[in-house]
Amino acid sequence: EHESDDDSYEVLDLTEYARRHHWWNRLFGRNSGPIVEKYSVATQIVMGGVTGWCAGFLFQKVGKLAATAVGGGFLLLQIASHSGYVQIDWKRVEKDVNKAKKQLKKRANKAAPEINTLIEESTEFIKQNIVVSSGFVGGFLLGLAS
């Protein structure tokens, strides 16, 4: 029910880090602006397209691998169940699934403001970098198709 108190977190003060590392300050300082804006529109589209294609291609390969692993595992479990090697207590499975659903609902309700903030930040980023974002989406779709 409760999260364990054993979790420890390290806090990184970016202002102190920026004072110690001048390159960080030059790159992400107040007047630096988005790095991508310093390039031409064609370069931005190419940068977005290449990174999108790489992400789409990796997404496709990892997705196929994950689907194969999950499907294969399920198939082996079914074969083992029908052969009598494995006995599944379906009442216990149902009870555990219902318990997991309740915990998931609780955590989803707590995480809703954080998710909304993340969506708003992502939308703002896409609006500010529309050229790179559109190149990324196009490259991602091409990566999925290849």
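- We find the NZ-CG distance between Lys102 and Leu104 to be 13.5 Å, quoted to the nearest 0.5 Å.
- Within the 4.5 Å cutoff, side-chain heavy atoms of Thr43 are placed close to those of Ser40.
- Trp53 forms part of a hydrophobic cluster together with Phe57, Leu142, judged by ILVMFWY side-chain heavy-atom separations under 4.5 Å.
- One distance of note links OG of Ser133 with CD of Gln128; it measures 10.0 Å at 0.5 Å rounding.
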Between side-chain atoms of residues 64-90 and protein atoms elsewhere (two or more places apart, or another chain), which donor-acceptor pairs fall under 3.5 Å?
| from | atom 1 | to | atom 2 | distance (Å) |
| --- | --- | --- | --- | --- |
| Thr68 | OG1 | Lys64 | O | 2.7 |
| Ser83 | OG | Ile79 | O | 2.8 |

Verdict with supporting geometry, Thr51 and Met47, side chain to side chain contact (heavy atoms under 4.5 Å, CB included): CA-CA 6 Å; Thr51 55; Met47 288 171 61; 5.7 Å; no
All N/O donor-acceptor pairs, side-chain side in residues 134-141, below 3.5 Å, sequence neighbours left out:
| from | atom 1 | to | atom 2 | distance (Å) |
| --- | --- | --- | --- | --- |
| Ser134 | OG | Ile130 | O | 3.0 |
| Ser134 | OG | Val131 | O | 2.9 |

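- Atom CG of Leu58 is separated from atom NZ of Lys61 by 10.0 Å, given to the nearest 0.5 angstrom.
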